[in-house]
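Working notes, beginning with the structure itself.
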Amino acid sequence: MKLLLEIKEDKAQFVLGLLRRLPYVRVKPFTPFQFEVLDSTRNALEELKLIKEGKLEARDADELLNEILCKDDARV
């Protein structure tokens, strides 16, 4: 089983130390980039679920592309 834990920064080293002492646990911390990709993907999947349930309105593809490509710049 794989788990993702969110730990307060000041307690992280303590918890990691405890987990590393367990012979049946393998600890593999994420890099900031890996966490950002994982978190963005999780958010996108949650939005997709809400759209399929009709609880969130889908956006136009042009609007999405403008957001991705231009950020705060003028529209394409």
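No experiment lies behind these values; they were computed from the predicted model shown.
- Listed by first and then second residue, the side-chain hydrogen bond (donor to acceptor under 3.5 Å, both in side chains) pairs that reach into residues 17-27 come to none, sequence neighbours excluded.
- To the nearest 0.5 Å, the span separating CG on Asn43 from CG on Leu48 amounts to 12.5 Å.
- Note on Leu22 and Leu16: same hydrophobic cluster, where clusters join Ile, Leu, Val, Met, Phe, Trp and Tyr whose side-chain heavy atoms are under 4.5 Å apart, directly or indirectly.
- Looking at Phe30 and Leu4, their side chains come closer than 4.5 Å, going by heavy atoms from C-beta outward.
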Taking only distance into account, with no hydrogens and no angle test, what donor-acceptor pairs under 3.5 Å do side-chain atoms of residues 54-61 form with protein atoms, sequence neighbours excluded?
unit_1 : atom_1 : unit_2 : atom_2 : d
Lys55  : NZ     : Glu53  : OE1    : 3.4
Arg59  : NH1    : Glu67  : OE1    : 2.8
Arg59  : NH2    : Glu67  : OE1    : 3.0
Asp60  : OD2    : Asp62  : N      : 3.3

side-chain contact (heavy atoms from CB on, under 4.5 Å) between Arg42 and Leu45, intermediate numbers included: CA-CA 5 Å; Arg42 185 188 55 77; Leu45 290 172; 5.9 Å; no

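- Within the 4.5 Å cutoff, the side chain of Gln34 has no heavy atoms near those of the Val37 side chain.
- Here the closest non-hydrogen pair linking Val25 and Leu19 is CB-O, 3.7 Å.
- To the nearest 0.5 Å, the span separating CD on Gln13 from CG on Leu18 amounts to 11.5 Å.
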